[in-house]
> 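Take this structure, written in structure tokens, and hold onto it; I'll ask about it next.
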Amino acid sequence: MKGNRHLRMTVNPDDTVTVTNKHGTELLVDIDGKRGLSPLELLLAALGACSAVDFAILMRKQRDPVEPLRLEVDGDKEEQRMQWLRVTYHVHEGADERKVERSRSKVADDLCTVSRTLASGTPVEHVIA
């Protein structure tokens with residue numbers, strides 16, 4: 001079964017993984033996170049990046065841009081899974097609090113595909129080609 005998103009991964013002799021997208025952009029993944037981000041760090045990065053982009057776009061649409069916007073993603077891993085994740089938005093003091101909360105809520109509940117996928121517990125298949 002093919003979906004509408006696809007990445008190709010190659011395991012290298014030094015135990016890193018090269019991830020390539022359809023445009024040929026490459027990313028190095030390292031299990032220890034020393035030469036590239038670790039797989040779990042990539043998960044947190046995907047959550048944060050998705051949230052950041054959606055949040056910034058919503059704030060711009062409300063005519064209250066928050067650039068530069070800074071986010072932090074924290075979590076706790078126990079027993080081979082993340083037990084919780086938290087996205088923290090750092091916005092400038094002059095931002096309209098109602099617009100900030102409206103955007104945060106919309107990102108978390110409706111827009112960020114990564115957040116919604118994690119929250120819904122999307123099934124994952126592991127198959128041999």
Side-chain angles (χ1 to χ4, degrees):
M1 173 171 52
K2 276 242 180 175
N4 60 6
R5 300 292 186 268
H6 178 79
L7 294 172
R8 187 176 64 249
M9 273 135 262
T10 303
V11 178
N12 304 310
D14 63 357
D15 292 331
T16 60
V17 176
T18 302
V19 181
T20 309
N21 72 4
K22 66 182 178 181
H23 304 290
T25 302
E26 292 185 346
L27 173 70
L28 187 67
V29 179
D30 178 13
I31 191 70
D32 298 319
K34 293 178 183 171
R35 293 169 281 185
L37 293 178
S38 73
L40 196 49
E41 289 170 333
L42 282 173
L43 177 71
L44 274 62
L47 174 60
C50 181
S51 300
V53 169
D54 288 342
F55 186 86
I57 289 170
L58 283 175
M59 290 300 291
R60 253 186 257 129
K61 285 182 178 179
Q62 296 179 88
R63 301 184 194 283
D64 194 5
V66 291
E67 289 87 7
L69 171 64
R70 192 170 59 85
L71 276 78
E72 295 180 30
V73 180
D74 295 289
D76 190 39
K77 179 184 173 191
E78 293 179 17
E79 300 177 14
Q80 300 304 314
R81 69 180 298 270
M82 295 302 292
Q83 299 299 313
W84 57 265
L85 295 163
R86 177 185 301 123
V87 179
T88 304
Y89 299 81
H90 297 274
V91 298
H92 61 80
E93 288 184 28
D96 183 316
E97 290 180 25
R98 288 178 326 193
K99 292 177 181 179
V100 167
E101 178 53 30
R102 185 179 314 132
S103 295
R104 185 214 54 83
S105 177
K106 187 98 172 128
V107 168
D109 298 338
D110 299 326
L111 294 178
C112 177
T113 303
V114 177
S115 181
R116 292 174 59 219
T117 299
L118 290 168
S120 71
T122 301
V124 176
E125 296 179 38
H126 292 259
V127 299
I128 303 295

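Note that the structure is predicted; figures quoted are calculated from it, not measured.
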> Group every Ile, Leu, Val, Met, Phe, Trp and Tyr by side-chain heavy-atom contacts under 4.5 Å, then state whether Leu40 and Leu71 land in the same group.
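Yes, Leu40 connects to Leu71 through the hydrophobic network.
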> Going only through I, L, V, M, F, W and Y residues with side-chain contacts under 4.5 Å, is there a path from Val114 to Met82?
yes
> Before giving the answer on salt bridge (Lys or Arg N to Asp or Glu O under 4.0 Å), spell out for Glu72 and Arg70 the whole-Å C-alpha distance, their side-chain angles and the decisive distance to 0.1 Å.
CA-CA 7 Å; Glu72 295 180 30; Arg70 192 170 59 85; 2.9 Å; yes
> Quick one: does Asn12's side chain get under 4.5 Å of Val17's, heavy atoms only?
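The answer is no, as the side chains (C-beta and beyond) never meet within the 4.5 Å cut-off.
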> Taking the side chain as C-beta and beyond, is there a heavy-atom pair between Leu58 and Leu111 under 4.5 Å?
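When only atoms from C-beta onward are counted, Leu111 and Leu58 do touch, with a gap below 4.5 Å.
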> Which value, rounded to the nearest 0.5 Å, describes the distance between Glu67 atom CD and His92 atom NE2?
8.5 Å
> Among Ile, Leu, Val, Met, Phe, Trp and Tyr joined by side-chain contacts under 4.5 Å, find the other residues sharing a cluster with Val127 and list them by chain and number.
none
> Give the C-alpha distance, both sets of side-chain angles, the deciding distance and a yes or no for side-chain contact (heavy atoms from CB on, under 4.5 Å) between Phe55 and Val91.
CA-CA 11 Å; Phe55 186 86; Val91 298; 3.8 Å; yes
> Distance only, no hydrogens: is a donor on one side chain within 3.5 Å (strictly under) of an acceptor on the other, for Thr88 and Asp74?
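No, Asp74 and Thr88 have no side-chain donor paired with an acceptor closer than 3.5 Å.
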> What salt bridge (Lys or Arg N to Asp or Glu O under 4.0 Å) pairs are there with at least one residue in residues 29-39, not counting sequence neighbours?
Asp14-Arg35, Asp30-Arg35
> How about CG on Asp76, more than 12 heavy atoms from neighbouring residues, nucleotides or ligands closer than 6.0 Å, or not?
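Counting neighbours around CG of Asp76, more than 12 heavy atoms of other residues, nucleotides or ligands fall under 6.0 Å, so yes.
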> Determine the minimum heavy-atom distance between Ala108 and Ser115, stating which atoms define it.
O-OG, 3.9 Å
> Hydrophobic cluster membership, with links at side-chain heavy-atom distances under 4.5 Å among I/L/V/M/F/W/Y: are Met9 and Leu28 in one?
no
> Given side chains that start at C-beta, do those of Leu44 and Leu47 come closer than 4.5 Å, heavy atoms only?
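No, side chains not in contact.
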> Of all residues at least two apart in sequence or in a different chain, which pass the salt bridge (Lys or Arg N to Asp or Glu O under 4.0 Å) check with Asp54?
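Partners of Asp54 by the salt bridge (Lys or Arg N to Asp or Glu O under 4.0 Å) criterion come out as none, since no residue qualifies.
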> Less than 4.5 Å apart, any side-chain heavy atom of Leu37 and any of Leu27?
no
> Quick check: closest heavy atoms across Val73 and Gly48, and the distance to 0.1 Å?
CG2-CA, 3.6 Å
> Strictly distance-based, threshold 3.5 Å: is any side-chain N or O of His23 a donor or acceptor partner for the main-chain N or O of Thr25?
no
> Same hydrophobic cluster for Trp84 and Leu118, using side-chain heavy-atom links shorter than 4.5 Å among ILVMFWY?
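No, no single cluster joins them.
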> Return a table of donor-acceptor pairs under 3.5 angstrom between the side chains of residues 99-107 and protein atoms on other chains or two or more places apart.
{"residue": "Lys99", "atom": "NZ", "partner": "Gln62", "partner atom": "O", "Å": "3.0"}
{"residue": "Glu101", "atom": "OE1", "partner": "Arg104", "partner atom": "NE", "Å": "3.0"}
{"residue": "Glu101", "atom": "OE2", "partner": "Arg104", "partner atom": "NE", "Å": "3.3"}
{"residue": "Glu101", "atom": "OE2", "partner": "Arg104", "partner atom": "NH2", "Å": "2.5"}
{"residue": "Arg102", "atom": "NH1", "partner": "Gln62", "partner atom": "OE1", "Å": "2.5"}
{"residue": "Ser103", "atom": "OG", "partner": "Gln62", "partner atom": "NE2", "Å": "2.7"}
{"residue": "Ser103", "atom": "OG", "partner": "Lys99", "partner atom": "O", "Å": "3.0"}
{"residue": "Ser105", "atom": "OG", "partner": "Asp109", "partner atom": "OD2", "Å": "3.3"}
{"residue": "Lys106", "atom": "NZ", "partner": "Asp110", "partner atom": "OD2", "Å": "3.3"}

> Which Ile, Leu, Val, Met, Phe, Trp or Tyr residues join Ile128 in one cluster when any pair of side-chain heavy atoms under 4.5 Å counts as a link?
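The other cluster members (ILVMFWY side chains, heavy atoms under 4.5 Å, direct or chained): none.
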> What's the spacing between Leu69 CG and Arg60 CZ if we round to 0.5 Å?
9.5 Å
> List in chain and number order the residues that pass side-chain hydrogen bond (donor to acceptor under 3.5 Å, both in side chains) with Thr122, two or more places apart in sequence or in another chain; answer none if no residue qualifies.
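Testing Thr122 for side-chain hydrogen bond (donor to acceptor under 3.5 Å, both in side chains), a comparison that skips the adjacent residues, returns Ser120.
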> Donor-acceptor check, side chain of Gln83 to backbone of Glu78, threshold 3.5 angstrom: yes or no?
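Yes, because the side chain of Gln83 sits within donor-acceptor range (under 3.5 Å) of the backbone of Glu78.
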